[in-house]
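The analysis underlying the following values was restricted to heavy atoms, covering all of them including side chains, and did not include hydrogens, waters or symmetry mates. Just so we're clear, the structure is a prediction, and the values are computed from it rather than from any experiment. Position 1 is the first residue of the sequence; numbering continues from there. Every number for a ligand or one of its atoms is a count from 1 in the order of the listing.
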Amino acid sequence: MLKTAICDLFGIKYPIIQGGMAHVATAELVAAVSDAGGLGVIGAGASEPGWVRDQIHKTRKLTNKPFGVNILLISPFAKEVIEVVLEEKVAVVTTGAGNPGPHVPRFKEAGIKVMPVVASVALARRLERAGVDAFVAEGMESGGEIGQITTMALVPQVVDSVKVPLVAAGGFADGRGMVAALALGAQGIQMGTRFVCSEECVAHPAYKQALIEASDRATIVTGQSTGYPVRCLENKLAREFLTKEQAETSIEEIMEFGVGKVRLGLIEGDLEWGTLLAGQICGMIKDIKSVRAIIDDIVAGAEAVISQLCDNRGG
Ligand SMILES: Cc1cc2nc3c(=O)[nH]c(=O)nc-3n(C[C@H](O)[C@H](O)[C@H](O)COP(=O)(O)O)c2cc1C
């Protein structure tokens, strides 16, 4: 019932993508998602190219299903990571924090499917002309680096503006959200925060627990002044960022202050002085379960919602 154009494009069972997440989307999570019928995506983040290659090899040992790599275009290693991905011929590339346009032809020549993350209609239109295969339209309720438009407003506008299939991201964690995304014209969903709260994710247990205990209003956005706004749980560090931004601290100083903080939060579990990336949907996530259970519950939930909607109209 839930098969869409995205399933055919990537050769996957369910139109559920695991967002490439710096530090925490490693081979363990990626292979589990792909094995459970979704598309796992390695988060290259700001990691060195050798690490990315190792993760690709590790993932291939764990699963024979397709998976992707997310390239963070602002990474100091972005160029080298692109070369690794081309050499390794991974099935799918997603990109974050920038415009991958100039690299699209080389990915296409290598037979790699390209699915950039966009937060505006203008960028989607431009990249469609560059020949991408699909988009992730990501709303500002997402965890991590965000744009300025909500998922609800962004998705139908991008759907109306491009011809290639689109995946909605930002605020999804259950079957109701999945059906809502499909109703808006998306062909699937991408989730980040929900997959962090999985058994297979290597994120620190304290960070996962903080996500589970978080309420609907637990996140704030830091980094607006730098041009790279980031949604994370409010903690001492996030408040310190805001104080610095209000004091009109220079962008360079704020960027410097942020170095290493994401790793400190996500991997070392420092709940006060680490950046705890989180989407607004964290308020609805109340358990840590296996990736397979997460995906199966979403698929079953979506099918139940669709049946209910059909019942509502009397058949
Ligand atoms: C911990 C974390 C790290 C992330 N890192 C990246 C990243 O490196 N590149 C990227 O394109 N998106 C990144 N994102 C965004 C996710 O891939 C995904 O699009 C987003 O989490 C979807 O919104 P949700 O959190 O409401 O599910 C990250 C999100 C989280 C929660």
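Nearest to atom 13 (C) of ligand 1 among the protein's heavy atoms is Gly20 O, 3.2 Å. Of all protein heavy atoms, the one closest to atom 30 (C) of ligand 1 is Met21 SD, 3.6 Å. Protein heavy atom nearest atom 21 (O) of ligand 1, with residue, atom name and distance: Gly192 CA, 3.3 Å.
For ligand 1 and Gly170, the ligand atoms under 4.0 Å from any heavy atom of the residue are 22 (C), 23 (O), 26 (O). In the vicinity of Leu72, heavy-atom distances shorter than 4.0 Å reach the ligand 1 atoms 8 (O), 9 (N). Short contacts between ligand 1 and Leu277, defined as distances under 4.0 Å to a heavy atom of the residue, involve ligand atoms 1 (C), 2 (C), 3 (C). Listed by number with element, the atoms of ligand 1 under 4.0 Å from a non-hydrogen atom of Leu266 are 1 (C). Near Gln190, meaning under 4.0 Å from one of its heavy atoms, ligand 1 places the atoms 17 (O), 18 (C), 19 (O).
Looking at Thr94 against ligand 1, nothing comes within 4.0 Å, counting heavy atoms. Both the backbone and the side chain of Thr193 come within contact range of ligand 1, each with a heavy atom under 4.0 Å. The side chain of Tyr207, and not its backbone, has at least one atom closer than 4.0 Å to an atom of ligand 1 (non-hydrogen atoms only; side chain from C-beta on). Residue Glu138 touches ligand 1 through its side chain alone, judged by heavy-atom distances below 4.0 Å.
The heavy atom nearest to atom 26 (O) of ligand 1, considering only Gly279, Gly171, Ala137, is found in Gly171. Proximity annotation for atom 15 (C) of ligand 1: of Gly19, Cys201, Gly143, Gly143 comes nearest, heavy atoms only. Closest to atom 11 (O) of ligand 1 by heavy atom, among Asn70, Val117, Ile146, is Asn70. Looking at Ala22, Ala168, Gly144, it is Ala22 that brings a heavy atom closest to atom 5 (N) of ligand 1.
At least one heavy atom of Met191 lies less than 4.0 angstrom from ligand 1.
Within the 3.5 Å criterion, the main-chain N or O of Glu83 finds no donor-acceptor partner in the side chain of Arg106. Glu245 places a side-chain N or O within donor-acceptor distance of the main-chain N or O of Ser225, the cut-off being under 3.5 Å.
Using a 4.5 Å heavy-atom threshold, the side chains of Thr193 and Gln280 count as separate. In this structure, the side chains of Cys7 and Lys13 stay at 4.5 Å or more apart for every pair of heavy atoms. Under the 4.5 Å side-chain criterion, counting only non-hydrogen atoms from C-beta, Tyr14 is not in contact with Ile189. Residues Met115 and Thr94 form a side-chain contact, since some pair of their non-hydrogen atoms from C-beta on lies under 4.5 Å apart. Here the side chains of Val136 and Ile17 are not in contact, with every heavy-atom distance at 4.5 Å or above.
Note: the hydrophobic cluster containing Phe172 also contains Val299 (ILVMFWY, side chain heavy atoms under 4.5 Å, direct or indirect links). In the hydrophobic clustering of this structure, Leu9 does not group with Val164; members are Ile, Leu, Val, Met, Phe, Trp, Tyr whose side-chain heavy atoms approach within less than 4.5 Å, directly or through other members.
If you run salt bridge (Lys or Arg N to Asp or Glu O under 4.0 Å) between Arg194 and each of Asp287, Asp174, Asp297, only Asp287 comes through.
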Trace of the side chain to side chain contact (heavy atoms under 4.5 Å, CB included) decision for Val52 with Glu88:
CA-CA 10 Å; Val52 178; Glu88 294 289 340; over 6 Å; no
